[in-house]
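Each remark here refers to the structure printed beneath this line.
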Amino acid sequence: MRIAILQTRPVFGEVARNLSRIERLCPEQTDLIVLPELCTTGYQFRNGRELRSLAEPSGGPTVEFFTRLARQHRCAFAFGFAERAGWRIFNSAALVGPRGLVGLYRKVHLFDRERDLFAPGDLGFRVFPLGRWRVGLMICFDWIFPEAARTLALAGAQLIAHPANLVLPWCQQAMVTRALENRVFCATANRVGGERRLPGRGLRFTGGSRIISPRGEVLAEGSKNKEQILLAAIRPALARDKRVTRKNDLFADRRPELYRIRQPGARWQRLTRS
Ligand code: ACM
């Protein structure tokens, strides 16, 4: 599979302009193109009314746009968008192919002000078929909860498509561990540029998008501040093999019965008292 990341610089509120920029940047001969979180609208909504005015249903014009582009380029897209579902708005990611919507994910772990604007995701972590591949979706701040990538990997994901609008400095590095501890490919598509739409609350997005192999190798890496196209050729077989040594298998060696939290009883307290 040939995978691409488009590291873009969306202009807030200019959906048509952002989409046409994406169309112009689209590389040929790829199977999957991953884009940032909220890549059509921008990130820093002033309030719920503004967010609602830019949000769309999962069968809306943005998904139609990507379906047309997928048909034209014979590929699939994973991208973030503001999803309107009745009275709720989700920070969502869609997987779209030439025949339309393949999968939908609604961000579970909302970051900072997102908690005032979006409803928390209610679909869990699901894996979707893409040709011979199984692709999992998570969004930005989900990275800091290892359970998100782990759940996707245990559900069979070979590749985690990870649209992001990162502002903290740790994710790019941490995703090497997410890839390694789950033996999956990870594609973090981050945006660049900044937004200053609230007094005293300017945001700078950190770029550095990455495609990472199940062995923790960085196969492609973006700059901190430029729009870029990243490309890598990846093989699913590598993500199916969970062996670390001849005697260690990442999934078979798990001991979930010991991962349960026990109430510290008297004996445990005695043992741990120094
Ligand atoms: C983030 O989750 N957009 C930091």
Side-chain angles (χ1 to χ4, degrees), residues 5-13 15 18 22 34-48 50-52 54-56 62 78-84 88-95 104-125 136-152 160-179 186-198 200-210 212 221-225 227-228:
I5 285 178
L6 296 191
Q7 176 170 290
T8 56
R9 185 194 305 271
V11 179
F12 187 90
V15 176
N18 295 330
I22 288 167
V34 187
L35 285 140
E37 176 182 14
L38 296 166
C39 67
T40 60
T41 56
Y43 182 79
Q44 198 175 40
F45 300 93
R46 288 207 172 106
N47 51 45
E50 185 175 64
L51 170 59
R52 177 160 287 275
L54 288 164
E56 290 180 27
T62 291
F79 63 93
F81 73 112
E83 182 203 353
R84 196 174 68 234
R88 293 180 302 172
I89 312 283
F90 295 99
N91 184 343
S92 294
L95 182 64
L104 184 68
Y105 167 69
R106 294 170 169 166
K107 188 174 184 178
V108 166
H109 304 104
L110 296 173
F111 178 71
D112 199 33
R113 270 190 77 246
E114 289 172 31
R115 300 175 72 111
D116 304 329
L117 294 166
F118 293 97
D122 59 352
L123 299 176
F125 293 94
L137 297 169
M138 64 182 206
I139 300 178
C140 205
F141 194 51
D142 285 328
W143 73 267
I144 209 166
F145 300 88
E147 296 87 347
R150 180 61 118 202
T151 306
L152 289 172
I160 295 179
H162 180 212
N165 273 190
L166 294 160
V167 291
L168 301 177
W170 306 300
C171 171
Q172 288 87 341
Q173 225 178 322
M175 287 307 289
V176 172
T177 305
R178 295 291 166 271
C186 292
T188 297
N190 193 21
R191 63 162 287 181
V192 289
E195 287 180 8
R196 185 177 292 278
R197 308 198 62 256
L198 293 166
R201 299 233 200 138
L203 294 175
R204 182 132 297 276
F205 302 98
T206 57
S209 299
R210 281 179 157 195
I212 304 168
E221 181 166 23
S223 87
K224 288 190 169 65
N225 48 26
E227 281 196 315
Q228 271 179 333

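Below, all heavy atoms of this structure are taken into account, side chains as well, without hydrogens, waters or symmetry copies. Since the model is a prediction, treat every value here as computed from it, not as a measurement. Read the numbers this way: they start at 1 and go in the same order the structure lists the ligands and their atoms.
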* To do: Look at the aromatic rings of Phe145 and His109 and report parallel, tilted or perpendicular, splitting at 30° and 60°.
  =>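 Correct class here is parallel.
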* To do: State whether the shortest distance between N or O atoms of Phe141 and N or O atoms of ligand 1 falls below 3.5 angstrom.
  =>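 Between Phe141 and ligand 1 (N or O atoms, distance only) the closest approach is under 3.5 Å.
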* Per atom 4 (C) of ligand 1, closest listed option by heavy atom (Phe111, Phe205, Trp143) ->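 Residue with the shortest heavy-atom distance to the ligand atom: Phe111.
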* Asked: Between the candidates Cys171, Pro36, Gly80, Cys140, which shows the shortest non-hydrogen contact distance to atom 1 (C) of ligand 1?
  ->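 The nearest heavy atom belongs to Cys140.
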* To do: Examine the side chains of Thr206 and Asn190 and answer whether a donor and an acceptor come within less than 3.5 Å of each other.
  =>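 Side-chain D/A pair, Thr206 to Asn190: present.
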* What residue and atom, counting heavy atoms only, is the protein's closest point to atom 2 (O) of ligand 1, and at what distance? ->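 Its nearest protein heavy-atom neighbour is Lys107 NZ, 2.7 Å.
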* Quick one: look up the protein heavy atom nearest atom 3 (N) of ligand 1 and list residue, atom name and how far away it is. =>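 Among all protein heavy atoms, the one nearest atom 3 (N) of ligand 1 is Glu37 OE1, 3.0 Å.
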* Taking only residues two or more places apart in sequence or in another chain, which ones pass ring pair (Phe, Tyr, Trp, His ring centres under 6.0 Å) with Tyr43? ->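 In terms of ring pair (Phe, Tyr, Trp, His ring centres under 6.0 Å), with neighbours along the sequence ignored, Tyr43 is linked to Phe205.
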* To do: Sequence neighbours left out, what passes ring pair (Phe, Tyr, Trp, His ring centres under 6.0 Å) with Phe81? Give chain and number order.
  =>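 With sequence neighbours excluded, Phe81 shows a ring pair (Phe, Tyr, Trp, His ring centres under 6.0 Å) to Phe79, given in chain and number order.
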* Can you name the one residue among Val11, Val15, Asn18 that meets side-chain contact (heavy atoms from CB on, under 4.5 Å) with Thr41? ->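 The side-chain contact (heavy atoms from CB on, under 4.5 Å) with Thr41 is passed solely by Val15 among Val11, Val15, Asn18.
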* Tyr43 neighbourhood, listing ligand 1 atoms whose heavy-atom distance to it stays under 4.0 Å ->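 Those qualifying, in numeric order: 3 (N).
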* What atoms of ligand 1 come within less than 4.0 Å of a heavy atom belonging to Glu114? ->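 Checking each atom against Glu114, I get 1 (C), 2 (O), 3 (N).
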* Is the closest basic N to carboxylate O distance between Asp122 and Arg106 below 4.0 Å? ->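 Here Asp122 pairs with Arg106 in a salt bridge, since their nearest N and O are under 4.0 Å apart.
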